[in-house]
Structures are given as C-alpha cells and as structure tokens.
Amino acid sequence: MSGIASWVTAKDLRHRLDADFYRPEYLEFDHRAEARGLKMRQVVEISSLVTDGTHKTPSYVDSGVPFLSAKNIRNGFVDAGSGHKYVSAAEFDQLERWNCAPRPDDVLVAKSGSIGSAGLASGAYDRFAVFESAAIIRPSGVSPAYLSAYLNSRLGQLQIRRNSKGAVIRHLHLEDLREVEVPLPDRRIQDYIGAKVELAERCRAVASREREKLGTELATLYEGCPHAALSSLTTMVAPAEIDGSRLDAWYHQRRFITLTEWLRRNPAFVKLGKVASLSSDRWSPGAHGQSTFRYIEISDVDSSTGHVSHSEVPVENAPSRARKLLRGFDVLASTVRPNRGAVGLVPDSLDGAVATTGFAVVRAVSKTDAFFLLAVLRHPASTAQLMRCNTGSAYPAIEESVLPQIWIPGAKPGTRKSLGARELRRTTLLQTAVDLVDQAKADVEALIEGTLDAQAILAETLKPPTADDIPELAEDDA
DNA sequence: AGTCTGCGAAATGATGTGTC
DNA sequence: GACACATCATTTCGCAGACT
C-alpha cells in the first residue's frame with residue numbers, strides 16, 4: 001500500500017469518482033494488463049447470469065437437499081466438508097426457480113464474510129442451493145475453471161476489493177461483481193490454467209471418497225459404541241458412578257458415563273497413552289538464533305480436513321503462547337474449545353515449527369500410526385471423551401493430560417497400517433489440490449506479469465499436469 | 001398493490017491474545 | 001490455566017426502490 005494521493009489521468013478515469021478506486025496499485029494493474037495486450041472483459045460480459053442465493057431464510061431441515069453459504073467457499077474451492085444446512089425438496093424446487101441453485105459449471109463467489117473467495121460449484125454437489133452470501137456466476141465464453149483461478153488470484157482479489165463497498169464492513173454487491181475486470185487470454189491458455197483447477201477438483205473428489213471409506217472402516221472398529229447417544233443434563237447417578245475427581249453435572253451426564261463405561265469394558269479399546277506419548281518439547285524465542293519462526297495456531301488447523309498450515313512470524317513478535325516445538329508427523333489436538341474438534345497432523349515440511357500452548361502434541365511411534373491416530377482422534381467418540389473432561393463454560397478447555405487417558409481402538413497393526421495409509425492418501429490428495437490451485441493462481445499472475453510462457457502453451461510443448469502425474473490418483477480403484 | 005432485488009447493518013457466532 | 005475482551009466472520013433482518 002502506498003500514499004493516499006493518486007494522480008489519475010483522463011484515460012484512467014472510469015465510472016467511479018472515489019479516490020480508493022484509483023489507488024496506485026489498481027492503476028498499475030490496468031496499465032500492466034494493457035501492456036500485455038490482454039483483452040479485459042467485465043464479469044457481466046463473460047457470463048449469462050450473475051446473481052446470488054436466496055434472501056429469504058429457508059426453513060432448514062435435518063436432511064434433504066444441501067444448502068450452502070459463503071463459509072463453504074474457501075481456499076479456492078466450494079467445500080461442503082465444513083458443514084452446511086439442508087432444505088426440503090419442495091423448498092429446493094422453489095429456490096431453483098429463483099435461480100438460487102448453481103449448476104456444475106457455475107462459479108461461486110463469497111459476497112459476505114471472506115468476500116471474493118471463489119470456487120467451482122461442481123466441487124460441492126450436483127444439486128444444491130445457496131444463501132444470499134454466495135454469488136453465482138454462470139460463465140459464457142470463458143473457462144469456468146480459469147475464471148475461478150483468476151478470481152482467487154492476488155490480482156482477482158485486488159479487483160474485487162477495488163469494486164467492493166462499505167466503509168466498516170466491506171461487502172461485495174452483485175452490481176460490483178459484474179464490473180470486476182477479467183483478463184481474457186487465448187482459450188488454450190485459459191484451458192491450460194483451468195486444467196490445474198479441474199485436476200484439483202478431481203483430487204478432492206477422490207479424497208472425499210477416501211473419507212467415506214475411512215468412515216466405514218472406522219465404524220467397524222467402533223461398532224456398537226454409544227458415542228452418538230443424547231441425554232439431558234439432569235442425570236441420576238449411582239454412587240459407584242462418581243469417580244471422585246469431579247462432582248459436576250456436566251461430567252456426569254448419562255451419555256458420557258455410558259460411553260466411558262462401554263469403552264472401558266471393551267477389551268478392543270486401549271488408552272491413547274499406551275500407543276503414543278505427549279511431547280513436552282519446548283521452544284523459546286531467541287534460543288535458536290533465527291529472525292522468524294513458523295508458528296501454528298489453532299486457526300491453522302482445518303478441522304474439516306485435518307490439514308495444518310502455518311504463518312511466518314518474526315521472533316520479536318512471538319506470542320507468549322508460542323512454546324511448543326514440533327516434529328513432522330506430530331498429531332495436534334486443541335485443548336481449548338475441544339468441541340470444535342481441531343485435530344491435525346503436522347506435515348514433515350513443518351518439522352521444527354512452533355505451536356501455541358493451546359495444543360496437546362501427540363507423538364506416535366511411526367508415520368502410519370500418526371495418520372491412524374489422526375483418523376481416530378477426529379472420530380466423534382474421541383471428541384465426546386474430550387468434551388466430558390471440559391471445564392469452564394465461558395472458556396471451555398481440557399487439560400493436556402486428558403489425552404493419554406482417552407480410549408481408542410487397539411486395532412491390529414495391519415488394520416492400523418491400512419487405515420493410516422488411507423488417511424495419508426486422503427490428506428495428500430487434499431494438499432495436492434491446494435497446491436494445484438496455487439499453481440493456477442500463480443499462472444494467472446505470471447500472465448499479467450508477462451512471465452508465463454504463452455508460446456510454449458500454444459505450441460503444446462508446455463502441458464498442464466494430468467491425473468497420471470499424481471500417484472494417489474493412479475491408485476484410484478475402479 | 002404486491003413481489004422481488006439490492007443494499008446496509010444489527011445480531012450472532014467464532015476465536016486469538018494479553019493479563020493476572 | 002482461566003478469563004474477559006477485542007476482533008473479526010457470517011447470518012439474519014428489514015428497508016427502499018424497481019418491477020409486474
């Protein structure tokens with residue numbers, strides 16, 4: 001960001017007259033695209049429909065047709081995995097008539113919340129409806145996957161920010177989205193960039209199938225486990241059921257007692273502490289002579305995928321909680337707000353990174369075992385056990401020492417290995433998908449910079465990656 | 001006059017951080 | 001370790017003008 005004042009010449013002037021619209025970085029973008037000889041088209045010119053989801057809050061139902069909102073558009077994907085609501089079939093029909101049901105080739109853009117995030121509708125479901133917080137673009141004359149990559153790129157985000165309004169809470173309005181300018185290269189270049197996004201979608205589809213299989217396999221291990229039972233907070237407790245450590249109603253809810261008893265009596269279950277240990281490796285700022293460090297906080301763990309990311313933080317700005325030194329393949333479980341179920345696995349690339357003290361760091365004996373633990377700790381039976389040990393209602397948290405005490409399936413080595421391998425494959429595919437979208441975004445930026453080898457793409461000497469380049473996809477069983 | 005759409009903003013929800 | 005609080009993100013609501 002540079003100075004507030006910006007010199008605007010007549011040829012830069014468009015329909016808007018506010019200073020913000022003409023900030024130097026925006027003008028620079030205009031000039032650069034022009035220098036590349038790129039055609040610029042407004043979103044409205046390259047789509048047959050630009051609308052948004054329903055404004056009328058539907059009456060939600062427990063199951064039916066999926067109903068997604070802005071929070072489902074993240075990291076370049078329309079992601080159903082982070083949870084969503086449902087509407088009845090009848091309500092869906094009405095929504096479809098109102099153009100609130102995206103088609104597979106549509107591009108969705110977040111209008112509220114993390115505005116400007118985009119993704120392909122096909123990434124979620126074939127049939128679903130969206131809320132007002134998501135915009136629907138039906139591309140025409142542009143590759144949908146390319147459009148999605150562009151909107152997610154730094155440049156697309158810049159354009160969206162440029163067109164969004166609102167002093168305090170910025171929102172993206174439809175009329176502004178329609179005016180967002182899109183560089184339109186040769187169709188073959190669009191397809192080259194779009195192919196990466198499409199391949200990423202394919203990885204995600206296979207990953208989600210893996211998750212289903214994993215779910216089935218885990219269900220076998222947890223067969224008969226009463227983890228989903230509900231009970232009221234009022235419980236009659238027999239004296240023998242009070243373990244002395246706590247006397248509160250929360251801990252003694254019938255469903256918790258039933259679950260723990262069931263697990264304790266079942267010889268197929270062992271305590272986590274039997275198969276893994278808590279790490280107490282510490283880190284302190286300044287002790288390692290670096291100027292920055294890789295910091296992992298709770299929000300860096302994606303609770304729907306188990307993926308762990310990080311941010312680079314200068315050592316002098318280290319939060320007081322940055323204390324836990326990590327190794328590759330450590331399993332992180334959040335001890336604050338355990339209901340969120342933030343459990344993730346530290347990729348090998350983050351060996352030596354630092355986590356907040358809000359995590360318990362579980363260290364398994366092997367790599368596949370770590371993935372097995374990841375799968376098991378994400379299971380509702382584990383979350384319920386952690387929730388039982390919750391203290392504090394305003395600030396729910398558990399103690400780290402609870403983790404080794406929870407019961408997990410003491411599966412045979414072979415089973416653990418195959419489950420772990422499946423979880424590994426799922427995680428790898430999801431990461432590959434993210435990498436591919438990042439590549440596509442980088443390509444768009446290179447296109448504007450003029451560093452993209454357009455000649456090679458047109459001559460087809462430079463080809464986009466295909467499914468054959470991703471070993472995890474090759475194993476995809478028929 | 002009734003309905004739909006675009007827009008703004010309050011209400012609600014989530015979550016990281018400093019501090020004791 | 002617990003807490004209050006700040007700071008967002010997201011949902012929901014309702015007004016106003018356009019459209020039918």
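The chains referred to below are lettered A, B, ... by the order of the sequence lines, with proteins before strands, and numbering in each begins at 1.
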[N] OP1/OP2 closer than 4.0 Å to side-chain N/O of [X]:
X	N	result
A:S133	C:dT10	no
A:S69	C:dT10	no
A:K111	B:dT5	no

Revision key, fill the gap. With sequence neighbours left out, the residues meeting ring-ring contact (aromatic ring centres under 6.0 Å, His included) with A:Y295 are A:F293

Point to revise | ring-ring contact (aromatic ring centres under 6.0 Å, His included) partners for A:W407, two or more places apart | key: none

Whole-Å distance between [N] [atom2] and [X] [atom1]?
X	N	atom1	atom2	answer
A:F67	C:dT10	CZ	P	15 Å
A:E132	C:dC13	CD	P	11 Å
A:F131	B:dC7	CZ	P	16 Å
A:I296	B:dG16	CD1	C1'	16 Å
A:Y295	B:dG16	OH	P	9 Å
A:N72	C:dT11	CG	C1'	13 Å
A:I73	C:dT11	CD1	P	10 Å

**Study point:** Rounded distance (nearest 0.5 Å) linking atom CD of A:E198 with atom CG of A:L120
**Key:** 7.0 Å

Pairs under 3.5 angstrom, nitrogen or oxygen only, protein versus nucleotides 13-15 of chain B, please.
from, atom 1, to, atom 2, distance (Å)
B:dT15, OP1, A:R340, NE, 3.2
B:dT15, OP1, A:R340, NH2, 3.4
B:dT15, OP2, A:R340, NE, 2.7

Taking the minimum atom-to-atom distance to the side chain of [X], which one of [options] wins?
X	options	value
A:K71	B:dG6, C:dT12, C:dT10	C:dT10
A:A70	B:dG6, C:dT11, B:dC7	C:dT11
A:R178	B:dG6, B:dG8, B:dG16	B:dG6

Just jot down the salt bridge (charged side-chain N to carboxylate O under 4.0 Å, His left out) partners of [X], sequence neighbours excluded, or say none.
X	value
A:R294	none
A:E45	none
A:R264	A:E261

Review point. Among A:R425, A:R204, A:R426, which one satisfies salt bridge (Lys or Arg N to Asp or Glu O under 4.0 Å) with A:E210?
Key: A:R425

Run the side-chain donor-acceptor check on residues 122-137 of chain A: report pairs under 3.5 Å with partners two or more places apart or on a different chain.
from, atom 1, to, atom 2, distance (Å)
A:Y125, OH, A:H84, NE2, 2.7
A:S133, OG, A:A70, N, 3.0

**Study point:** Sequence neighbours excluded, every pair satisfying salt bridge (charged side-chain N to carboxylate O under 4.0 Å, His left out) that has a member inside residues 431-441 of chain A
**Key:** A:D438-A:K441

Point to revise | Angle of first-five versus last-five pair axes in the helix from B:dA1-C:dT20 to B:dC20-C:dG1, to 10 degrees | key: 0°

